[in-house]
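The structure appears below as structure tokens.
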Amino acid sequence: VENINFNGKNILVQGADMETAIIDGNQTGAVVRFENGEGNSANLKGFSITNGNGYYVDQFNSGSLSYYGGGIYCFSSSPKLSNLKITGNSSGAGGAIYINNGIDSLLSPIIENCLIENNYSGGNAGGVFSYRSSTKILNSVLHSNSAAGDGGGVYFVQYGNSEVTNCLIYGNTASDNYGGGISTTDMRGDLYVNHCTIVDNVASGDAGGLYWTDTDGATEANLYLKNSIIWNNSSGSGTLWTTDDGFNINGYFIGSLSE
């Protein structure tokens with residue numbers, strides 16, 4: 001039972017494998033924290049991350065405290081998270097992982113070869129919450145995560161050019177809003193979804209599979225959906241939904257299938 005803070009160290013912390021090396025947060029905050037400018041050479045690898053309930057902080061200096069990042073909390077940092085099993089965590093935002101790089105949206109955390117399952121958010125993002133960050137999610141599986149708000153699997157917000165490649169996203173739920181698999185809001189950067197399968201996700205609002213929206217009406221944003229399958233998702237309004245209040249949102253669907 002322990003909680004880890006990298007404290008600005010760009011080092012590799014490696015366990016034997018994701019099934020036997022377990023970091024248990026004991027419901028005493030985020031299990032692992034990166035919040036001191038760590039880069040991609042700060043690498044957490046080969047662990048199971050479980051039983052975290054989020055870092056309790058006034059994230060936006062608004063005078064309001066809440067819990068962020070049940071499993072992993074990342075602020076103004078771009079670590080590499082690889083070969084991890086992130087399961088059984090909860091928080092108010094980002095049940096598994098919370099990323100906020102508001103100072104520099106070009107920071108690019110990497111989530112690679114990870115299994116993200118059975119996490120819960122009382123707000124948005126049962127799995128991964130990415131705010132103003134160029135986050136990369138690669139070769140990973142996200143399933144059976146749930147959010148009371150948007151984004152059962154993944155939730156992207158505002159600036160940054162993010163990528164989801166070679167991922168399986170299934171069985172996630174946005175129980176009170178949009179995007180069972182992937183949801184976005186106020187997008188002011190590009191999102192690349194490549195060679196992904198997004199199936200059997202549920203949203204009570206629009207888009208059981210992928211919800212893509214730009215509601216700021218100011219900055220052009222592009223969704224690139226390439227060689228992907230979005231199938232058999234359920235919601236109030238279909239599997240894939242795009243909307244824009246300022247005609248600054250574009251979609252490029254190449255070799256993809258949705259129903």
Side-chain angles (χ1 to χ4, degrees), residues 1-59 67-91 93-119 125 127-142 145 154 156 159-167:
V1 176
E2 59 187 317
N3 300 80
I4 295 174
N5 191 327
F6 268 63
N7 286 316
K9 296 181 176 66
N10 288 310
I11 59 174
L12 168 66
V13 177
Q14 182 170 357
D17 63 69
M18 67 168 67
E19 297 298 335
T20 60
I22 300 172
I23 307 176
D24 186 328
N26 196 35
Q27 291 289 296
T28 57
V31 183
V32 182
R33 282 159 49 194
F34 300 89
E35 54 186 337
N36 294 283
E38 294 90 349
N40 286 157
S41 55
N43 187 356
L44 182 68
K45 181 177 183 180
F47 290 97
S48 179
I49 307 296
T50 191
N51 204 23
N53 67 345
Y55 183 38
Y56 192 56
V57 64
D58 182 0
Q59 183 69 89
Y67 290 93
Y68 297 88
I72 297 172
Y73 171 85
C74 175
F75 181 77
S76 293
S77 301
S78 54
K80 184 175 183 180
L81 311 172
S82 55
N83 300 89
L84 301 174
K85 180 179 180 180
I86 306 172
T87 183
N89 303 283
S90 62
S91 74
I97 302 172
Y98 177 84
I99 299 165
N100 180 345
N101 284 330
I103 296 173
D104 185 356
S105 64
L106 295 180
L107 288 174
S108 184
I110 298 171
I111 301 166
E112 186 173 23
N113 297 320
C114 289
L115 173 60
I116 300 172
E117 63 177 10
N118 297 314
N119 302 283
V128 180
F129 190 121
S130 176
Y131 176 73
R132 292 190 173 187
S133 177
S134 296
T135 300
K136 295 181 179 179
I137 306 175
L138 313 173
N139 307 314
S140 294
V141 176
L142 297 93
N145 303 287
V154 189
F156 294 102
Y159 299 100
N161 298 316
S162 292
E163 173 187 349
V164 184
T165 295
N166 292 327
C167 289

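No hydrogens, no waters, no symmetry mates; every other heavy atom, side chains included, goes into these values.
Going from atom SG of C74 over to atom CD of E35 covers 9.5 Å, rounded to the nearest 0.5 Å. Atom CG of N5 sits about 4.5 Å away from atom CZ of R33, to the nearest 0.5 Å. If you take CG on D24 and CG on N51, they are separated by 4.5 Å, rounding to the nearest 0.5 Å. Expressed to the nearest 0.5 Å, how far CG of L44 lies from CG of L84 amounts to 5.0 Å. Atom CD of Q27 and atom CG of N3 lie 10.5 Å apart (nearest 0.5 Å). For the atom pair OG of S78 and CD1 of I110, the computed distance is 8.0 Å after rounding to the nearest 0.5 Å.
No hydrogens or angles considered: nothing links the side chains of T50 and S48 as a donor-acceptor pair under 3.5 Å. Counting only N and O atoms by type, the side chains of N43 and S82 include a donor and acceptor under 3.5 Å apart. Side-chain contact check for E38 and N10: no donor-acceptor pair (N or O, by modelled atom type) lies under 3.5 Å.
The closest donor-acceptor contact from the side chain of N100 to the backbone of R132 lies at 3.5 Å or more, if one exists at all. In this structure, the side chain of S133 does not engage the main chain of Y131 through any donor-acceptor pair within 3.5 Å. S77 contributes a side-chain N or O that, together with a main-chain N or O of G37, makes up a donor-acceptor pair within less than 3.5 Å. The closest donor-acceptor contact from the side chain of N101 to the backbone of S134 lies at 3.5 Å or more, if one exists at all. A donor-acceptor pair is defined here as one N or O able to donate and one able to accept, closer than 3.5 Å; no such pair exists between the side chain of N26 and the backbone of T28. A donor-acceptor pair under 3.5 Å is absent between the side-chain atoms of N166 and the main chain of N139, judged by distance alone. Between the side chain of S130 and the backbone N or O of I99 there is no donor-acceptor pair closer than 3.5 Å. Of the possible donor and acceptor atoms, none in the side chain of T87 sits under 3.5 Å from a partner among the backbone N and O of N118. In this structure, N53 contributes its side chain and G29 its backbone to a donor-acceptor pair below 3.5 Å.
Nearest heavy atom pair, residue N7 against residue N36, reads CA-ND2, 3.6 Å. The two residues C114 and S140 make their nearest non-hydrogen contact at N-OG, 3.0 Å. Closest approach of E2 to V31, counting heavy atoms only: O-CG1, 4.2 Å.
Here the options are I97, V164, N145, the test is side chain to side chain contact (heavy atoms under 4.5 Å, CB included), and the partner is V128; only I97 passes. Of the candidates I111, N89, L81, L81 is the only one forming a side chain to side chain contact (heavy atoms under 4.5 Å, CB included) with I72. A side chain to side chain donor-acceptor pair (under 3.5 Å) with Q59 holds for exactly one of Y68, Y67, Y73; it is Y73.
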Assess whether side chain to side chain contact (heavy atoms under 4.5 Å, CB included) is satisfied between E117 and K85, documenting all intermediate values. CA-CA 8 Å; E117 63 177 10; K85 180 179 180 180; 3.1 Å; yes

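Note: Y98 and F129 meet the aromatic proximity criterion, with ring centroids under 6.0 Å apart.
For the pair T165/K136, no side-chain contact is recorded, criterion being any heavy-atom separation below 4.5 Å from C-beta on. A 4.5 Å side-chain heavy-atom check between I116 and V154 finds every atom pair outside the cut-off. Inter-residue side-chain proximity for F47 and V32 is flagged as unmet; no heavy-atom pair is nearer than 4.5 Å.
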